Amino acid sequence: MSTVALIDAGGANLGSVRYALERLGVVPRIVRDADELGLPARVILPGVGAAPQAMRLLRERGLDVALRALEVPLLGICLGMQLLFERSEEGEVECLGLLPGKVRRLAPQPGLRVPHMGWNRLRPLRVDPLLDGIPADAHAYFVHGYAVPVTGDCLAASEHGTAFAAMVRRGRLCGAQFHPERSSDVGARLLRNFLALEAA
Amino acid sequence: MLSRRIIPCLDVRDGRVVKGVRFRDHVDMGDIVELALRYRDAGADELVFYDIGASPQGRSVDVRWVERVARTLDIPFCVAGGIRDVATARDVLLAGADKISVNTPALERPALIAELAEAFGVQCVVVGVDSLRDADGEWRVRSHTGDPDRMRAPGLRTLEWVRQAQARGAGEIVLNCMDSDGVRRGYDIAQLQAVRAVCEVPLVASGGAGTIADFVAAFRVADVDGALAASVFHAGTVEIPALKQVLAAEGIEVRT
């Protein structure tokens, strides 16, 4: 494995993702702007926070263009996954547009708390190397108030009132709405699977 | 379906886990990381670290132990105690904590909740509420509860504060029912139900867990999202694997 670039999009979970990779024996390179991106073998876009601020930061640092032009596997985590899509209802902001679809707010319903916070089950929708070793109904840790609807790119769904995309994959583009860095063995397995993906 | 969370709480002082008897005479329980991993292995869904030295002594959290925990632990954790501004919260979150919990500083300056939510998103912002039933039967909050000599009653009704905290950006409420805290006679179900009725964000019960049945009641009757406990876990009175087995058998969704 050559380099893993970990994008600093201003999210507070940057450190946690770095530590999770280090637990797997991978020391990522923290990348703050497009000039620092270089030619990594893998790119991880973590994110905690709000979509408008994160997109503004990516644009200011030229990373929106750089991430679109990449040809290596890219994993978006939580907000980082949402940013891969066209738009987000959060601040009605235009996102990276690498995947079709719009991120929507999880609407509170009676007995249904928002943000969706805690461990929820993953329901695989198709076979994919990203899901290797992750059993159906495995629990992963989620914290989010917005979600991606289940579309053709959805690899595993989860339910909170309605079904939403817990994992997505289209070619080199991968995403996890949950936090692999905080999802114990399931999270470590996803990161290992991502690092082991054949370059698209 | 979203699981109900079991959350052990560890008191931290000077980088060690301690156990207090009636807020005093703290006994060293061991290394933070070691104990955190032990609870993780037992099946804890999340941990809360309460820096009991930080708040009463008016200093902020020492982030070195936060970073040590974050490097090793692969389940979420929250840091409470001594966080009274955005800068300190940022240090704690960047050190690897998933959430920060504020209590007295939020009562003193409620705008703090909105500042934290604006800076980090509501999902990082937990508001801890210490509540006591007064002689007139009303539940009201207490502040400065970390030090019995400094505890104050600002006169604010608990239900009003829970509403206000959410409106300002609290992403989770931890309700610590002080009447039952540490006495292991069960969570204060009536109070939890009353707060649940006004709480749209996740609600965590705290104070009073003594038996497995107490957890069942908190989830089933008060419909809380998580149950926090300290002494029953530390003393081994309630073992998390056995607790989760019972909860699952009772039809309560848990992570196993």
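Predicted model only: the values in this text are computed from it and were never measured. All heavy atoms count here, side chains included; hydrogens, waters and symmetry mates do not. Within every chain, numbering begins at 1; the chains are lettered A, B, ... in the order of the sequence lines, protein sequences first and strands thereafter.
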Undergrad: Looking at every non-hydrogen atom in both residues, tell me the closest pair between B:L73 and A:R182 and how far apart they are.
TA: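 So the minimum-distance heavy-atom pair works out to O-NH1, 2.8 Å.
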Undergrad: May I ask you to decide if B:M1's main-chain N or O and A:N120's side chain share a donor-acceptor pair within less than 3.5 Å?
TA: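 Checked: pair present.
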Undergrad: For residues B:P202 and A:P115, report the shortest heavy-atom separation together with the two atoms involved.
TA: CG-O, 3.7 Å
Undergrad: Which bit of A:H179 is near chain B, if near means a heavy-atom gap under 4.5 Å: side chain, backbone, both or neither?
TA: neither
Undergrad: So, for B:E253 and A:H139, which heavy atoms are closest and what is the spacing to 0.1 Å?
TA: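 Closest approach of B:E253 to A:H139: OE2-NE2, 3.9 Å.
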Undergrad: Using a cut-off of under 4.5 Å for heavy-atom pairs, which of B:R4, B:E200, B:R196, B:E46 has the most such pairs with chain A?
TA: B:R196
Undergrad: Heavy-atom pairs under 4.5 Å with chain A are the metric here; pick the option from B:L94, B:D98, B:L93 that has the most.
TA: B:D98
Undergrad: Under a 4.5 Å heavy-atom cut-off, does chain A meet the side chain of B:R90, its backbone, both or neither?
TA: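 Neither part, no heavy atoms under 4.5 Å.
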Undergrad: Where is the tightest heavy-atom contact between B:A95 and A:Y19, given as atom of each residue plus distance?
TA: O-CE1, 3.8 Å
Undergrad: Answer yes or no: does atom CZ of A:R126 have more than 12 heavy-atom neighbours from other residues, nucleotides or ligands under 6.0 Å?
TA: yes
Undergrad: Need one label for A:S183: side chain, backbone, both or neither, based on atoms under 4.5 Å from any heavy atom in chain B.
TA: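 It is the backbone, since no side chain atom gets that close.
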Undergrad: Please rank B:G171, B:A97, B:C199 by heavy-atom pairs under 4.5 Å with chain A and give me the top one.
TA: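 Among B:G171, B:A97, B:C199, the one with the most close pairs to chain A is B:G171.
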Undergrad: Rounded to the nearest 0.5 Å, what separates atom OH in A:Y141 from atom OG in B:S3?
TA: 11.5 Å
Undergrad: Does B:R255 use its side chain to pair, donor to acceptor, with the backbone of A:R121 at less than 3.5 Å?
TA: no
Undergrad: Does CD in B:E160 sit with more than 12 non-hydrogen atoms of other residues, nucleotides or ligands closer than 6.0 Å?
TA: yes
Undergrad: Please name the residue in the list B:L2, B:L203, B:D223 that meets the side-chain contact (heavy atoms from CB on, under 4.5 Å) test with A:R113.
TA: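 Result: among B:L2, B:L203, B:D223, B:D223 is the only option passing the side-chain contact (heavy atoms from CB on, under 4.5 Å) with A:R113.
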Undergrad: Looking at every heavy atom in both B:V201 and A:V114, which two are closest together, and how far apart are they?
TA: CG1-O, 3.7 Å
Undergrad: What residue in A:R18, A:R23, A:E181 has the most heavy-atom pairs under 4.5 Å with chain B?
TA: A:R23
Undergrad: Answer with side chain, backbone, both or neither: which region of A:E22 has an atom nearer than 4.5 Å to a non-hydrogen atom of chain B?
TA: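 Just its side chain gets close to chain B.
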Undergrad: Could you pull out the closest heavy-atom pair between B:R40 and A:D185, with the gap in Å?
TA: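 Between these two residues, the closest heavy atoms are NH2-OD1, 3.2 Å.
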